[in-house]
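Presented below is the structure to which this report refers.
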Amino acid sequence: MDPTTIDAVGQAAVATTAATTTTTFDAATLLRLLQQGGLTVYPLALASVVALAIVIERFFRFRGLEAQVRDLTRRVVDHLAKRDLAAARALCEASSSKNPIGEVFVEGLRWQNIALEDLDRVLATSRQEAVSELRRGLWILGTIGSLSPFIGLFGTVVGIIRAFHEMAVQGSGGFAVVAAGISEALVATGTGLAVAIVALGFYNYLQVRVNGIASTFARSCERFIQALLYVESSAASSPTPPTPPVGSEARRGHPLPA
């Protein structure tokens, strides 16, 4: 046979083998590699489920919260402008279960006749507690994003060690002997990186949302303090009612004013 023909046949066989190799890497192959990726794939799968649950729960918790805070602040300020403290307190208590700023306003309404700096510190403490509740679970998301690559790398190292050990036991060398083991071991690193990328992305997004909501809380507290100052100033400027005669009120049995 002509050497040129032999080379052409060899190149065609190599191309056919490469095409067959590339077409066999499909979803079923990826699923099989994940199953063979070692014990590290299972904690990564569990971590991905936990991260997804936290993201979904926090997403529904934050949805529409800033608009609710602004709406409650506007209604409370309207009641305070009318000097209707009872209605403002009732509104805050009714919405405190779903709106964290309601609990902050209720705490502020409990304190009377205190300095502005003291009231500001009281509201700041309550506001920090509300923001801390909004960050609940985010540390788990950050931990998953930080540890997942290392868990995957650990699985890869263990897989490579096992592949070389099998090569030493069989007594044969060459890359073909350890190629399957290394490909399965690298799945752990790929899985860890995928979980970390998604977890850290949502962690940063939720942190930005919490910071935005905290800024809305701060502006709402400022408006609340301004409304309380208006109520106190209007109460101080109102004329004092005249004191009734002592003798006539005492003879009729009415209590004397304190």
Side-chain angles (χ1 to χ4, degrees), residues 24-72 95-104 124-163 180-220:
T24 55
F25 190 80
D26 51 3
T29 304
L30 181 60
L31 182 60
R32 180 180 60 82
L33 290 175
L34 288 175
Q35 293 175 352
Q36 298 176 355
L39 296 178
T40 56
V41 175
Y42 297 105
L44 288 174
L46 178 62
S48 63
V49 173
V50 173
L52 182 62
I54 293 175
V55 168
I56 293 176
E57 190 271 335
R58 290 290 91 183
F59 177 78
F60 283 103
R61 182 68 179 91
F62 296 161
R63 189 178 61 175
L65 184 58
E66 294 179 82
Q68 296 175 6
V69 169
R70 287 191 291 266
D71 180 68
L72 178 62
S95 60
S96 60
S97 59
K98 297 181 179 180
N99 199 335
I101 200 64
E103 298 180 1
V104 178
T125 302
S126 300
R127 190 169 65 244
Q128 290 175 0
E129 293 176 354
V131 174
S132 298
E133 192 277 332
L134 294 179
R135 288 196 170 94
R136 179 171 55 88
L138 295 187
W139 68 272
I140 300 177
L141 200 60
T143 303
I144 291 174
S146 301
L147 291 183
S148 295
F150 297 101
I151 296 176
L153 182 61
F154 175 76
T156 299
V157 171
V158 173
I160 292 176
I161 293 174
R162 185 172 63 247
I182 292 177
S183 64
E184 294 175 1
L186 290 176
V187 172
T189 298
T191 306
L193 289 175
V195 173
I197 290 171
V198 175
L200 287 179
F202 280 110
Y203 174 78
N204 292 330
Y205 168 74
L206 293 176
Q207 286 285 2
V208 172
R209 287 296 308 274
V210 170
N211 292 334
I213 295 173
S215 300
T216 305
F217 284 176
R219 292 191 296 269
S220 298

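This is a predicted model, so every value here is computed, not measured.
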Nearest-0.5 Å distance, [atom1] of residue [X] to [atom2] of residue [Y]:
X      : Y      : atom1 : atom2 : value
Gln207 : Leu141 : CD    : CG    : 9.0 Å
Ile101 : Ser220 : CD1   : OG    : 5.0 Å
Ile151 : Thr189 : CD1   : OG1   : 11.5 Å
Leu138 : Ser132 : CG    : OG    : 11.0 Å

Considering all heavy atoms, the nearest [X]-[Y] contact:
X      : Y      : value
Val104 : Ala130 : CG2-CB, 4.5 Å
Gly142 : Tyr203 : N-CD1, 3.6 Å
Leu193 : Pro149 : CD2-CB, 4.1 Å
Gln68  : Asn99  : O-ND2, 3.1 Å

(request) Flag yes if more than 12 heavy atoms outside Arg135 fall under 6.0 Å of its CZ atom; otherwise flag no. (result)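 More than 12 within 6.0 Å, yes.
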(message) Is it the case that over 12 heavy atoms from other parts of the model lie below 6.0 angstrom from the CZ atom of Phe62?
(response)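 Yes - once you tally the heavy atoms of other residues, nucleotides and ligands closer than 6.0 Å, there are more than 12.
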(request) Taking salt bridge (Lys or Arg N to Asp or Glu O under 4.0 Å) as the test, write out the residues that go with Arg61, two or more places apart. (result)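 Result, salt bridge (Lys or Arg N to Asp or Glu O under 4.0 Å) vs Arg61: Glu133.
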(message) Can a donor-acceptor pair be found, under 3.5 Å and without considering hydrogens, that links the side chain of Asp71 to the backbone of Ala67?
(response)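 Checked: no pair found.
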(message) With a 3.5 Å distance limit and no angle check, can you tell me whether Ser148 reaches the backbone of Val195 through a side-chain donor-acceptor pair?
(response)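 Such a contact is absent between Ser148 side chain and Val195 backbone.
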(message) Enumerate the salt bridge (charged side-chain N to carboxylate O under 4.0 Å, His left out) contacts for residues 140-158, please, sequence neighbours excluded, ordered by first and then second residue.
(response)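 Residue pairs with at least one partner in residues 140-158: there are none.
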(message) side-chain contact (heavy atoms from CB on, under 4.5 Å), that's the test. Do Val210 and Val131 meet it? Break it down for me.
(response) CA-CA 7 Å; Val210 170; Val131 174; 4.0 Å; yes
Residues which pass side-chain contact (heavy atoms from CB on, under 4.5 Å) with [X], listed by chain and number, not counting sequence neighbours:
X      : answer
Ile140 : Val50, Ile54, Ile144
Thr143 : Trp139, Leu147
Val198 : Phe202

(request) Tell me, with the steps shown, if Leu134 and Leu65 meet side-chain contact (heavy atoms from CB on, under 4.5 Å). (result) CA-CA 11 Å; Leu134 294 179; Leu65 184 58; 3.9 Å; yes
(request) Quick one: which residue pairs count as a side chain to side chain donor-acceptor pair (under 3.5 Å) with a foot in residues 43-60, not counting sequence neighbours? (result)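 Passing the test, one end in residues 43-60: no pairs.
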